[in-house]
Amino acid sequence: QLRTVESGGGLVQPGGSLKLSCAASGFTLDYKHIGWFRQAPGKEREGVSCISFSGRNIADAAAVKGRFTLSRDNAKNMVYLQMNSLKPEDTAVYYCAVDRNPRSDFCSLVPRRYDYWGQGTQVTVSS
């Protein structure tokens, strides 16, 4: 089964940090865009950050710009989301997704553009 596997979520206090990891199961991440999305209870899934297949282009949602950093390591077939200065409103289930057929070297934060998804990892920011 082609999917991603997320890890690294947990409970953290406001202002704290977490690093999420994303691994590919059944395929490689080469030549594919990778996106991180999140969904809070009662809300729609929203794009957080994405990185193009080359690694040269990254897009961040305004809500996380300057606080979250996305990186990829194709040699290890892994993608990471470093989250700093976390806020209670960052609480959500975080998903890693793969766009298997990039149309250009610019990724999208639109969920329907992505083909492979994982089960998600819970991030809770609370004191």
Side-chain angles (χ1 to χ4, degrees):
Q1 184 178 3
L2 304 179
R3 62 185 178 91
T4 61
V5 180
E6 303 94 339
S7 61
L11 173 63
V12 63
Q13 292 187 341
S17 298
L18 280 175
K19 185 174 183 179
L20 305 184
S21 299
C22 172
S25 176
F27 62 99
T28 68
L29 295 176
D30 292 349
Y31 308 110
K32 299 176 182 68
H33 295 335
I34 311 299
W36 280 96
F37 299 82
R38 66 186 181 186
Q39 188 165 18
K43 295 189 177 181
E44 291 188 357
R45 189 168 298 188
E46 63 176 356
V48 174
S49 184
C50 67
I51 186 167
S52 69
F53 68 84
S54 71
R56 287 193 291 266
N57 296 301
I58 293 174
D60 295 314
V64 306
K65 196 176 291 288
R67 300 188 297 122
F68 290 10
T69 302
L70 196 154
S71 61
R72 64 189 300 163
D73 186 338
N74 285 351
K76 294 183 178 180
N77 212 30
M78 296 287 293
V79 173
Y80 307 98
L81 184 68
Q82 177 66 47
M83 306 187 297
N84 298 327
S85 302
L86 283 162
K87 305 175 181 179
E89 51 264 43
D90 294 319
T91 295
V93 177
Y94 283 71
Y95 299 91
C96 172
V98 174
D99 176 358
R100 62 180 176 175
N101 289 314
R103 304 175 190 182
S104 72
D105 198 28
F106 292 92
C107 57
S108 169
L109 290 177
V110 176
R112 66 175 181 271
R113 292 286 299 271
Y114 291 78
D115 307 291
Y116 306 141
W117 292 80
Q119 300 273 8
T121 185
Q122 176 71 46
V123 172
T124 302
V125 185
S126 174
S127 55

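This is a predicted model, so every value here is computed, not measured.
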Colleague: Above 12 or not: heavy atoms from other molecules or residues under 6.0 Å from CD of Gln119?
Modeller: no
Colleague: Does one hydrophobic cluster hold both Tyr116 and Ile34, with members joined at side-chain heavy-atom distances below 4.5 Å?
Modeller: yes
Colleague: Check the hydrophobic clustering (I, L, V, M, F, W, Y; side-chain heavy atoms under 4.5 Å; chains of links allowed) and say if Leu2 and Val98 are grouped together.
Modeller: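 Yes; Val98 is reachable from Leu2 via cluster members.
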Colleague: A side-chain contact here means heavy atoms from C-beta on lying under 4.5 Å apart; do Phe68 and Leu86 qualify?
Modeller: yes
Colleague: What distance do Leu70 atom CG and Leu81 atom CG have between them, rounded to the nearest 0.5 Å?
Modeller: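 Leu70 atom CG to Leu81 atom CG measures 5.5 Å (nearest 0.5 Å).
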Colleague: More than 12 heavy atoms of other residues, nucleotides or ligands under 6.0 Å from CD of Glu44: is that the case?
Modeller: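 Counting neighbours around CD of Glu44, 12 or fewer heavy atoms of other residues, nucleotides or ligands fall under 6.0 Å, so no.
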Colleague: Can you name the nearest heavy-atom pair linking Pro14 to Ser126, along with the distance?
Modeller: CD-C, 3.6 Å
Colleague: Once the angle between the rings of Trp117 and Tyr95 is folded into 0 to 90°, is it parallel (under 30°), tilted (30 to 60°) or perpendicular (over 60°)?
Modeller: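 Ring orientation, 0 to 90° scale: perpendicular.
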Colleague: Passes side chain to side chain contact (heavy atoms under 4.5 Å, CB included), Ser49 versus Ile58? Steps please.
Modeller: CA-CA 7 Å; Ser49 184; Ile58 293 174; 3.9 Å; yes
Colleague: For Glu46 and Arg38: C-alpha separation, side-chain torsions, deciding distance, then whether side chain to side chain contact (heavy atoms under 4.5 Å, CB included) applies.
Modeller: CA-CA 6 Å; Glu46 63 176 356; Arg38 66 186 181 186; 2.6 Å; yes
Colleague: Are Leu109 and Tyr94 co-members of a hydrophobic cluster defined by side-chain heavy atoms under 4.5 Å apart?
Modeller: no
Colleague: Minimum heavy-atom separation for Phe37 and Ala97, please, with both atom names.
Modeller: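 That would be CE1-CB, 4.0 Å.
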Colleague: Within the structure provided, determine whether Asn57 and Ile51 are in side-chain contact (heavy-atom separation under 4.5 Å).
Modeller: no
Colleague: What residue pairs, at least two apart or across chains, pass salt bridge (Lys or Arg N to Asp or Glu O under 4.0 Å) with a residue in residues 10-33?
Modeller: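 Applying salt bridge (Lys or Arg N to Asp or Glu O under 4.0 Å) to every pair that reaches into residues 10-33, excluding sequence neighbours, yields nothing.
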Colleague: Give a yes or no on whether Lys65 atom NZ has more than 12 heavy-atom contacts from other residues, nucleotides or ligands under 6.0 Å away.
Modeller: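 More than 12 heavy atoms, drawn from other residues, nucleotides or ligands, come within 6.0 Å of this atom.
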Colleague: Linking I/L/V/M/F/W/Y whenever any side-chain heavy atoms sit under 4.5 Å apart, do Tyr114 and Val48 land together?
Modeller: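 No: no chain of side-chain contacts under 4.5 Å links Tyr114 to Val48.
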Colleague: Which value, rounded to the nearest 0.5 Å, describes the distance between Ser17 atom OG and Met83 atom CE?
Modeller: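 Between atom OG of Ser17 and atom CE of Met83 there are 8.5 Å.
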Colleague: Grab the two heavy atoms, one from Ala40 and one from Thr91, that are nearest each other, plus how far apart they are.
Modeller: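 Heavy atoms of Ala40 and Thr91 come nearest at CB-O, 3.7 Å.
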Colleague: For residues Glu6 and Leu20, determine if any side-chain heavy atom of one lies less than 4.5 Å from a side-chain heavy atom of the other.
Modeller: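 They are not in side-chain contact.
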Colleague: Does one hydrophobic cluster hold both Val93 and Tyr80, with members joined at side-chain heavy-atom distances below 4.5 Å?
Modeller: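 Different clusters: Val93 never reaches Tyr80 through Ile, Leu, Val, Met, Phe, Trp or Tyr contacts under 4.5 Å.
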Colleague: Is it true that atom CZ of Phe27 has more than 12 heavy atoms of other residues, nucleotides or ligands lying nearer than 6.0 Å?
Modeller: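 Atom CZ in Phe27 is crowded, with more than 12 foreign heavy atoms closer than 6.0 Å.
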Colleague: Working to the nearest 0.5 angstrom, can you tell me the gap between Thr124 OG1 and Asp90 CG?
Modeller: 11.0 Å
Colleague: Rounded to the nearest 0.5 Å, what separates atom OG1 in Thr69 from atom CG in Asn84?
Modeller: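 Taking OG1 in Thr69 and CG in Asn84, the distance rounds to 6.5 Å.
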Colleague: Would you give the length of the straight line joining atom NE2 of His33 to atom OG of Ser108, rounded to the nearest 0.5 angstrom?
Modeller: 8.5 Å
Colleague: Please give me the minimum heavy-atom distance between Ala63 and Arg67, naming the atom from each residue.
Modeller: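 For Ala63 versus Arg67, the nearest heavy atoms are O-NH2, 2.8 Å.
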